[in-house]
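Ligands are counted one by one from 1 in listed order, and the atoms in each one are counted from 1 as well.
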Amino acid sequence: MMQMNQDELKALVGQAALQYVVEGELVGVGTGSTVNKFIDALVAMKGRVRGAVSSSNASTERLKAIGIPVFDANDVGEIAVYIDGADEIDPHGNMIKGGGAALTREKIVAAQSRRFVCIADESKQVPVLGRFPVPVEVIPMAAQRIVRQFAALGGKAKVRLKDGQPLVTDNGQHILDVSGLSISQPLEFESEVNQWPGVITVGVFAHQRAAVCLLGTAGGVKTLEF
Ligand code: 5RP
């Protein structure tokens, strides 16, 4: 196979994810550049899916632009499958997510879905989570207290900025990016950080880990099942 760049690998796994979309049912749609490729591919199934539940305003706009009906999570029950990218994925399907600041809605839609299919290029595969700074959505008034709590765990947390100001999420909150952590116990880590006052969502997806990962590699799409 010809050498492919990252963009082409993303398109390859975006296309491959179509086989997991269930006809006549709902598809949960994540956020990011890999998911954008999936949304591009989903045009081919227009009219054959009931619709989508989206994890961000950005994905909602893209879905609507191609004519896929977008439902509010409150108006539907179980979603057949959730398709989303990741910033890192470990050998058990645990992930770091939130590079695109959509982690809270991503976790909500993932929790409402029967299974999580992760689409990623092979650069996202790691033996242990933590090389990518862990995004954490927080209530702004608690940010500095949470920065100190991460420092006690050996992490360095920084408020994510956009145009010199704290980035404001779709939920009106802020993001901390935490570097210097090695997350060998993702379930425990996620449970602990989740209960710190002011934390809305930690970008470790262990309780909502992937069931399948479609990994874009130089040799084509590799399917990992966890
Ligand atoms: C957004 C996410 C994305 O899935 C993650 O950042 C990967 O994005 P990309 O596909 O652009 O590499 O968690 O909040």
Joint hydrophobic cluster, M95 plus L103, side-chain heavy atoms closer than 4.5 Å: yes

Interfacing atoms of ligand 1 (cut-off 4.0 Å, heavy-atom, G98): 2 (C), 13 (O), 14 (O)

Pairs flagged by side chain to side chain donor-acceptor pair (under 3.5 Å) wherever residues 14-29 is involved - sequence neighbours left out: E23-R48, E25-R114

Short N-O contact, K97 and E106, less than 4.0 angstrom: yes

Those atoms of ligand 1 less than 4.0 Å from some heavy atom in D84: 4 (O)

Check: Q149/R145 side-chain N/O donor and acceptor closer than 3.5 Å: yes

Taking atom 9 (P) of ligand 1 as the reference point, the nearest protein heavy atom with its distance: S33 OG, 3.3 Å

Identity and separation of the nearest protein heavy atom to atom 10 (O) of ligand 1: T34 OG1, 2.6 Å

Closest approach of any protein heavy atom to atom 6 (O) of ligand 1, naming residue and atom: D87 OD1, 2.7 Å

Sole candidate of L214, L12, L215 that passes side-chain contact (heavy atoms from CB on, under 4.5 Å) when paired with I119: L214

Residue and atom name of the nearest protein heavy atom (relative to atom 4 (O) of ligand 1), distance in Å to one decimal: K97 NZ, 3.0 Å

Nearest neighbour in protein (non-hydrogen) for atom 12 (O) of ligand 1: K124 NZ, 2.7 Å

Any donor-acceptor pair under 3.5 Å from E137 side chain to I200 backbone: no

Sidechain N-carboxylate O distance under 4.0 Å for R209, D90: no

Within-cut-off N or O pair, V35 and ligand 1, under 3.5 Å: no

Protein heavy-atom partner closest to atom 3 (C) of ligand 1 - residue, atom, separation in Å: T31 O, 3.2 Å

Interfacing atoms of ligand 1 (cut-off 4.0 Å, heavy-atom, G85): 4 (O)

Pair S59-S54, side-chain donor/acceptor within less than 3.5 Å: no

Numbered atoms and elements of ligand 1 in range of E106, under 4.0 angstrom, heavy atoms: 1 (C), 2 (C), 13 (O), 14 (O)

Those atoms of ligand 1 less than 4.0 Å from some heavy atom in G32: 11 (O)

Which of the ligand 1 atoms, numbered from 1, are nearer than 4.0 Å to a heavy atom of A101: 14 (O)

Those atoms of ligand 1 less than 4.0 Å from some heavy atom in K10: 12 (O)

Per-atom contacts of ligand 1 with G99, taking only distances under 4.0 Å to non-hydrogen atoms: 6 (O), 13 (O), 14 (O)

Identified side-chain hydrogen bond (donor to acceptor under 3.5 Å, both in side chains) partner of R105 from the options T201, T169, T60, N171: N171

Note: D177-R160 ion pair, threshold 4.0 Å (strictly below): yes

Part of P135 within contact of ligand 1 (heavy atoms, under 4.0 Å): neither

